[in-house]
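Order of listing sets the numbers, starting from 1, for every ligand and every atom in it. Note that these values count all heavy atoms, side chains included, but never hydrogens, waters or copies made by symmetry. Along the sequence shown, residues carry numbers from 1.
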Amino acid sequence: MKLPLQSEYCTKSFAYLTVKDRLPTILTKAVDTVHRHKKTFFEKYGQEGVEAEKRAIGLMSKLRNELQTDKAVIPLTDEFPDAAQWNTYIERQQAALGPEEFPSWFKSSWLFMECYMYRRIHESILLNPPICDFDVFSEAKIQSFFSSQDAILIVCTYLQELQRKIENFEESQLKDEFMLLMQVALWGNRCDLSISGGQDNSQKNNPLASLESLKSFILVDDSERVWNLLVNNWKNKTSQTTPIRVDIVLDNSGFELVTDLVLAYFLLSTQLADEIHFHGKSMPWFVSDTTRRDLDWTLKNLQASNHASLSMCGNMWEQNLHKGVWVYHDHLFWTLPHEFSDMSQDAPDLYSELHKSNLIFFKGDLNYRKLTGDRKWSHTISFDTALQGFHPAPLCSLRTLKADIQVGLKPEQAEQLTLSDPQWLVSGNYAIIQFSDPNPK
Ligand SMILES: O=P(O)(O)OC[C@H]1O[C@](O)(CO)[C@@H](O)[C@@H]1O
Ligand SMILES: [Mn+2]
């Protein structure tokens with residue numbers, strides 16, 4: 001089959017507006033943040049810290065200029081372990097264009113250029129010891145966590161109360177609670193700081209109260225299939241069977257991360273899963289994506305809270321990591337520009353790790369773009385087709401729509417949506433729970 005092209009630019013496209021407006025804004029904010037930390041760098045590292053700050057700002061300003069003037073993509077020069085893979089990817093893009101042309105910000109694919117910008121920000125910091133472990137987005141992530149405090153308190157209190165009742169639950173009650181917590185984790189994905197150009201985008205409303213009214217905004221809802229898979233694994237469990245493993249490919253830190261941890265805790269405490277594996281980013285990414293440091297910060301912050309339910313969640317979650325029933329992984333593949341159908345070839349170790357899973361949740365919009373290759377598929381093509389052979393295990397995308405791609409819709413569904421709300425693909429107001437099982441039983 002001839003694959004559709006990846007999303008690129010026409011002056012009205014969401015991709016174009018992202019690269020023209022949103023990315024430079026994010027870069028400017030990153031520069032500001034580094035600059036505001038000048039004093040901290042001086043206190044920590046002396047004059048050397050101040051020199052590093054200046055050089056990092058210089059590199060990021062140069063990057064912004066390259067972007068705004070549509071310069072050619074240049075190879076990475078740092079020694080981070082993914083640099084060679086990045087450079088090979090850039091060479092491949094160049095080779096595909098031929099000698100007359102070169103990959104550049106407004107000519108290459110949106111996915112490639114957006115990932116490249118975050119990797120170049122990382123390079124600007126990496127090349128400048130002693131500030132080379134500075135996370136330019138950390139402040140925004142922390143602020144977003146605090147702005148969502150009320151919502152975080154509501155979901156953590158809900159989990160705490162659920163724990164008291166759960167032992168006596170019938171299967172149908174377990175199902176209801178699972179469906180509810182999966183929807184909370186789904187809508188948690190609205191809180192990303194990339195779509196908002198780094199502006200506060202935290203959860204302000206009660207996340208439980210709005211679920212009923214949000215149901216009609218879920219365009220594809222495969223939650224029954226997800227539940228059936230989980231409950232069948234659970235029923236077929238014997239002392240001989242291998243532990244049931246659920247993986248969550250994380251997206252944003254802050255409120256969304258808390259909702260993922262709540263869902264993970266529920267799955268474990270009901271024994272619908274015996275172990276949960278989380279996958280985070282190895283570098284600051286798309287402003288709000290979760291790194292190991294963000295996870296640790298979140299747990300510590302919850303543990304230190306005066307609210308009993310927050311500290312209880314922080315403590316229980318920390319213990320789960322300690323006991324090894326929760327496992328955190330990061331892999332550099334998640335921060336490459338590759339679509340996931342490349343994984344079996346370009347990151348076979350990660351593919352075989354995911355293959356051990358009974359169910360993988362992919363959180364968020366960027367993961368959906370990579371699952372479907374960010375290609376201009378017709379809206380009615382099946383999710384299985386758009387995955388292009390990426391089937392490590394049964395998988396489920398929990399995503400609010402923030403990019404102009406969506407597959408697996410019913411005939412006419414997209415046309416009707418366009419009539420009623422022209423922004424349906426990119427506003428974050430619609431969502432999907434989309435499931436694919438390579439070997440349905
Ligand atoms: O955090 P998410 O859900 O992956 O969203 C990332 C955002 O970044 C984008 O890639 C655009 O900047 C969109 O696709 C989406 O708005
Ligand atoms: Mn994100």
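Close approach of ligand 1 to Asn252 is summarised as follows: ligand atoms under 4.0 Å from at least one heavy atom of the residue are 1 (O). Contact atoms of ligand 1 toward Gly364: 3 (O) (distance under 4.0 Å to a heavy atom of the residue). Ligand-side atoms of ligand 1 in range of Thr18: 12 (O), range being under 4.0 angstrom from any heavy atom. Every atom of ligand 1 with a heavy atom of Ala403 under 4.0 Å away is listed here by number and element: 14 (O).
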(message) Could you walk me through whether Trp110 and Ser13 satisfy the side chain to side chain contact (heavy atoms under 4.5 Å, CB included) test, starting with their C-alpha distance in whole Å, then the side-chain angles of each, then the deciding distance to 0.1 Å, before giving a yes or no?
(response) CA-CA 10 Å; Trp110 175 33; Ser13 73; over 6 Å; no

(request) Could you please spell out the steps behind the side chain to side chain contact (heavy atoms under 4.5 Å, CB included) verdict for Thr291 and Ser282? (result) CA-CA 6 Å; Thr291 61; Ser282 332; over 6 Å; no

(request) Start with the C-alpha gap between Phe362 and Tyr368, add the side-chain angles, then the distance that decides, and say whether ring pair (Phe, Tyr, Trp, His ring centres under 6.0 Å) holds. (result) CA-CA 7 Å; Phe362 283 88; Tyr368 192 78; over 10 Å; no

(message) Is there a side chain to side chain contact (heavy atoms under 4.5 Å, CB included) between Phe178 and Thr270? Walk through the geometry before answering.
(response) CA-CA 10 Å; Phe178 168 71; Thr270 51; over 6 Å; no

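An N or O contact shorter than 3.5 Å is missing between Asp289 and ligand 1 by distance. Residue Leu366 places at least one N or O, backbone or side chain, under 3.5 Å from an N or O of ligand 1. Any N or O atom pair closer than 3.5 Å counts here, and Glu114 shares at least one such pair with ligand 1. At least one N or O atom of Arg369 sits closer than 3.5 Å to an N or O atom of ligand 1. Checked against a 3.5 angstrom limit, the closest N/O atoms of Trp110 and ligand 1 fall outside it.
Looking at residues two or more places apart in sequence or on another chain, you find a salt bridge (charged side-chain N to carboxylate O under 4.0 Å, His left out) between Arg120 and Glu66, Glu123. Among residues two or more places apart in sequence or in another chain, the side chain to side chain donor-acceptor pair (under 3.5 Å) test is passed with Thr400 by Asn189.
No more than 12 heavy atoms of other residues, nucleotides or ligands sit less than 6.0 Å from atom NZ of Lys300.
At a heavy-atom distance under 4.0 Å, only side-chain atoms of Arg22, from C-beta outward, approach ligand 1.
Close placement of the Phe41 and Phe134 rings is indicated, their centers lying within 6.0 Å of each other.
With distances taken over non-hydrogen atoms, the option nearest atom 5 (O) of ligand 1 out of Leu23, Asn189, Val287, Asp365 is Asp365.
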For residues 325-332, tabulate all N or O donor-acceptor pairs below 3.5 Å that involve a side-chain atom, not counting sequence neighbours.
unit_1	atom_1	unit_2	atom_2	d
Tyr328	OH	Arg292	N	3.0
His329	NE2	His277	ND1	2.7
His331	ND1	Phe333	N	3.0
His331	NE2	Asp349	OD1	3.2
His331	NE2	Asp349	OD2	3.0

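Side-chain atoms of Gln160 and Cys313, non-hydrogen and from C-beta on, never get closer than 4.5 Å to each other.
Around the Mn ion (ligand 2), protein N, O or S atoms at less than 2.8 Å comprise Asp251 OD1, Asn252 OD1, Asp289 OD1.
The CG atom of Leu63 lies 5.0 Å from the CH2 atom of Trp105; values are rounded to the nearest 0.5 Å.
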